[in-house]
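Worksheet for the structure shown next.
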2 protein chains.
Amino acid sequence: MDKKEERLSHILAVTIEVLGKEGADQLSMRKVAKAANLSLSNLQYYYKDKEILLIATAQYYFQRCKQEFTQTINLLKEKHNFTVPIFLETVLDLWLVNGKENSQNIMFREIWALSSRNKELEIAVETYYKNYCIWTVELFASFFKQPERLISLLIPYAEGYAIMGTVLPLDKKKIIGMLMDLIEHIES
Amino acid sequence: MDKKEERLSHILAVTIEVLGKEGADQLSMRKVAKAANLSLSNLQYYYKDKEILLIATAQYYFQRCKQEFTQTINLLKEKHNFTVPIFLETVLDLWLVNGKENSQNIMFREIWALSSRNKELEIAVETYYKNYCIWTVELFASFFKQPERLISLLIPYAEGYAIMGTVLPLDKKKIIGMLMDLIEHIES
DNA sequence: ACCTGAACACCGTTCAAGT
DNA sequence: ACCTGAACACCGTTCAAGT
């Protein structure tokens, strides 16, 4: 990585920090510039306006998410007591998270909102989800007969659960039980 | 409804319009004031700052959503060819909508994003989802044995589908088929 | 190629003042 | 109770200028 690339990704890392701390509505070019120790105009030299900065930031963030995901999955696979049901339960427990307690979900909310006003960002989000489905289908293909069906069920469910999982009539434990039963039914 | 109330709800209706057209990031007190034919300071007399205006707007919007929901469901129930499987398929087709094509979902995205930075708005969103679950459980209780389980499955799924349903390995028709099969399994 | 500072139109909020 | 206009600090963007 040369010096310019380092500079660019440092700006993006700082932008993620500001986004996470203050939210999309509070993020300003001036704040990012200050946090990155740049003058406003110098920041604009690297990212010429706010839109471009946000798109680059989202893509940088997605890249990070992928790294985190593969790392977590690899750790899971290497566990000494690995069985398919244990793997499944662990994955479900990992995926069903409350959006308000999870910094990754807070970032995604900001990105979603921005993407509904920005065609290019919308495409970046769509691409990420598409790839996410591909990785997870591949992962599930090692253990299940119907990976496409399982992923088409579980990924949207997890996304929705992040939004409003806390107010459902069933608690998380019962939901995981239900999902495991449904998966067994799909696979049978 | 007295004159003040009318004035207040007119402002909220105008705010919803501006939000839908331009998005949360483009919404300004000045724009709302202009669109509602008020001076900026006069708008601030009714809603003293942007936060309060947005919370009131979200609640007003939720109220509208409830009306729309009950109306749609009543029309469905009154249909001459009503059977439980047809009802279920129609409801699923109605619920599984692409978030980008649906103006209600665009509004919800804006509200979600705002709510992650605002405790009071977050509570309003949570309350809405809680009530939504209660209505739908009641509705399903007329036709199904396990309404809580079905709603705990379907509502988060529909929310997640709105976000990323377009990139799933299965198409909508197959997904509805899968869900109907799963529902049958839960009920059996 | 990289960086600066001033200027512009816009924003939310505050406040003293009117009816 | 309802409404006004000016003022303030902040914002994104543009631009002419430096190294």
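Numbered from 1 within each chain, the chains take letters A, B, ... in sequence-line order. Here the structure is a predicted model, which is why all the values come from computation and not from measurement.
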5'-most by nearest nucleotide on DNA chain D - A:Lys48 or B:Tyr46: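 The residue whose closest nucleotide sits nearer the 5' end is B:Tyr46.
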Charged N-O contact under 4.0 Å between B:Glu6 and B:Lys3: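 A salt bridge is absent here (no side-chain N lies under 4.0 Å from a carboxylate O).
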How far, in whole Å, is C:dC2 from D:dA17 if one measures between their P atoms?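 Approximately 22 Å lies between the P atom of D:dA17 and that of C:dC2.
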B:Ile175 and A:Arg149: side-chain contact (heavy atoms from CB on, under 4.5 Å), yes or no, with the steps? CA-CA 8 Å; B:Ile175 282 175; A:Arg149 291 173 81 80; over 6 Å; no
Dot-bracket notation for DNA chain D is requested: 5' to 3', Watson-Crick or G-U wobble pairs only, both distances under 3.5 Å, with ( ), [ ], | and . as defined. ||.|||||...|||||.||
Could you work out, with side chain to side chain contact (heavy atoms under 4.5 Å, CB included) as the rule, every residue matching [X], not counting sequence neighbours?
X        : result
A:Pro147 : A:Val137, A:Phe140, A:Ala141
A:Glu138 : A:Ile134
B:Lys174 : B:Leu170, B:Asp171

Can you give the donor-acceptor pairs under 3.5 Å from side chains of residues 52-69 of chain B to other protein atoms, not counting sequence neighbours?
unit_1: B:Thr57; atom_1: OG1; unit_2: B:Leu53; atom_2: O; d: 2.6

Using the ring pair (Phe, Tyr, Trp, His ring centres under 6.0 Å) rule, collect all pairs that involve residues 163-188 of chain B, keeping only residues at least two apart or in two chains.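 Passing the test, one end in residues 163-188 of chain B: A:His185-B:His185.
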State, with a plain yes or no, whether a side-chain heavy atom of [X] is found less than 4.5 Å away from one of [Y].
X        : Y        : answer
A:Gln44  : A:Asp49  : no
A:Glu187 : A:Leu182 : no
A:Thr70  : A:Trp135 : no

Sub-4.0 Å heavy-atom contacts from residues 11-29 of chain B onto DNA chain C, ordered by number: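 B:Leu27, B:Ser28, B:Met29, in order of number.
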Who are the salt bridge (Lys or Arg N to Asp or Glu O under 4.0 Å) partners of A:Glu51, not counting sequence neighbours?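 Once residues adjacent in sequence are excluded, A:Glu51 has no partner under the salt bridge (Lys or Arg N to Asp or Glu O under 4.0 Å) criterion.
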Using distance only, find each side-chain donor-acceptor pair of residues 25-34 of chain A under 3.5 Å and give its atom names and separation, not counting sequence neighbours.
unit_1: A:Ser28; atom_1: OG; unit_2: A:Lys31; atom_2: N; d: 3.1
unit_1: A:Lys31; atom_1: NZ; unit_2: A:Glu22; atom_2: OE1; d: 3.0
unit_1: A:Lys31; atom_1: NZ; unit_2: A:Gln26; atom_2: O; d: 3.0

Which nucleotide span of DNA chain D, 5' end to 3' end, has atoms closer than 4.0 Å to non-hydrogen atoms of chain A?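 So the outermost contacting nucleotides come out as D:dC11 to D:dT14.
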Please list every donor-acceptor pair under 3.5 Å in which a side-chain atom of residues 88-97 of chain B meets a protein atom from a residue at least two apart or in another chain.
unit_1: B:Thr90; atom_1: OG1; unit_2: B:Ile86; atom_2: O; d: 2.6
unit_1: B:Asp93; atom_1: OD1; unit_2: B:Lys172; atom_2: NZ; d: 3.3
unit_1: B:Trp95; atom_1: NE1; unit_2: B:Tyr132; atom_2: OH; d: 3.3

Of residues 34-44 of chain B, the positions that come close to DNA chain D - non-hydrogen atoms, cut-off under 4.0 Å: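 Listed by number, they are B:Ser39, B:Ser41, B:Asn42.
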